[in-house]
Amino acid sequence: MMSQFFYVIAHSLSPRVSLGSVRAFMASMFLSVLVLAQPSALAAGKTELAPDFTLASKNDGNMRLQEQRGNVVLINFWASWCGPCREELPLLEKLQQDYADLGFTILAINVDKTPAKAEVLLSDIAVTFPVLFDPDAKVSKLYDVSAMPTTVIVDRDGYQRLLHKGYKSGDVAKYEIIIKTLLRE
């Protein structure tokens with residue numbers, strides 16, 4: 001309804017404006033407002049360093065968060081039994097592909113008690129970012145993970161800039177706005 005109102009106004013200014021472009025513009029504005037309205041997002045600023053950790057990696061031995069200083073890092077806690085995690089992982093892979101060359105990476109931390117369960121899921125959903133294992137939930141406790149998935153975004157200086165619990169459609173678009181902003185800092 002509202003987008004049709006703006007379409008009529010925009011169309012009167014330029015007949016080449018489509019309803020789809022008006023909806024896309026409104027959606028991006030809405031997401032920007034949501035991100036800026038979240039007190040835990042960028043508005044929180046650089047107040048707390050992200051807790052450092054070292055975990056076993058699926059492919060590369062051990063990985064330590066502190067080794068990623070200089071990059072924007074999205075940490076995603078996930079489990080093989082989590083339906084929303086299965087939906088989110090391919091979208092996170094797209095973020096990795098789009099922004100890796102700009103100083104961005106994802107650390108996907110699996111919280112299953114046995115890594116074999118994660119391996120089964122990863123045989124269906126291919127990802128190029130590092131997958132780490134937290135079977136004893138030590139790192140999950142550091143980040144107060146109480147929902148699956150939980151996403152944390154860390155800036156280039158190691159400060160935690162976002163903590164988001166759960167997943168619903170549209171969340172990855174919010175992450176992307178934050179990532180773009182942090183990459184420009």
Salt bridge flag under 4.0 Å for residues [X] and [Y]:
X	Y	value
Arg69	Asp157	no
Lys113	Asp136	no
Asp98	Lys94	yes
Arg161	Glu185	yes

Main-chain N/O of [Y] paired with [X] side-chain donor or acceptor, under 3.5 Å:
X	Y	result
Glu93	Thr128	yes
Arg64	Asp52	no
Asp155	Gly158	yes
Asn110	Phe133	no
Asp112	Ser80	yes
Asp171	Tyr175	no

To the closest 0.5 Å, what do you measure between [atom1] ([X]) and [atom2] ([Y])?
X	Y	atom1	atom2	result
Glu88	Cys82	CD	SG	8.0 Å
Leu91	Gln96	CG	CD	13.5 Å
Leu95	Lys180	CG	NZ	10.0 Å
Ile75	Thr151	CD1	OG1	10.0 Å
Leu89	Tyr167	CG	OH	10.0 Å

Would you call [X] and [Y] a side-chain contact if the rule is heavy atoms closer than 4.5 Å?
X	Y	result
Leu162	Val152	no
Leu92	Phe129	yes
Ile153	Phe104	no
Val139	Phe77	yes
Leu122	Val131	yes

If every non-hydrogen atom of Leu102 is compared with every non-hydrogen atom of Leu183, which pair is closest and at what distance?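 In terms of heavy atoms, the two residues are closest at O-CD2, 3.4 Å.
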
Tell me the closest heavy-atom pair linking Gly166 and Ala147, and the distance in Å.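 Looking at all heavy atoms of both residues, the shortest contact is N-CB, 4.1 Å.
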
Same cluster or not: Met63 versus Leu142, using hydrophobic residues (I, L, V, M, F, W, Y) connected whenever any side-chain heavy atoms lie under 4.5 Å apart?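 Same cluster: Met63 reaches Leu142 through Ile, Leu, Val, Met, Phe, Trp or Tyr contacts under 4.5 Å.
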
Is there a chain of hydrophobic side chains (I, L, V, M, F, W, Y, each step under 4.5 Å between heavy atoms) that links Val120 to Val111?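 Val120 does not cluster with Val111.
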
With side chain to side chain contact (heavy atoms under 4.5 Å, CB included) as the criterion, how do Leu55 and Asn62 come out once you've worked through the C-alpha distance, each side chain's angles and the decisive distance to 0.1 Å? CA-CA 5 Å; Leu55 287 173; Asn62 289 337; over 6 Å; no

Under 3.5 Å, is there a donor-acceptor pair between the Gln68 and Thr105 side chains?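 Side-chain D/A pair, Gln68 to Thr105: absent.
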
Gln160 side chain to Tyr143 side chain, donor-acceptor N/O pair below 3.5 angstrom: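 No donor-acceptor contact under 3.5 Å links the two side chains.
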
From CA spacing to verdict: side chain to side chain contact (heavy atoms under 4.5 Å, CB included), Trp81, Met148: CA-CA 10 Å; Trp81 48 262; Met148 283 293 123; 3.6 Å; yes

Sort out for me which residue in Thr54, Leu132, Val73 forms a side-chain contact (heavy atoms from CB on, under 4.5 Å) with Leu65.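 Exactly one candidate clears the test, Val73.
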
Leu182/Tyr159 under side chain to side chain contact (heavy atoms under 4.5 Å, CB included): CA gap, chis, key distance, verdict: CA-CA 11 Å; Leu182 293 176; Tyr159 286 90; over 6 Å; no

Any chance you could lay out the side chain to side chain contact (heavy atoms under 4.5 Å, CB included) test for His164 and Thr150, step after step, and finish with the verdict? CA-CA 6 Å; His164 181 83; Thr150 292; over 6 Å; no

Using a cut-off of 6.0 Å, state whether more than 12 heavy atoms not belonging to Lys117 lie near its atom NZ.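 No, not enclosed.
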
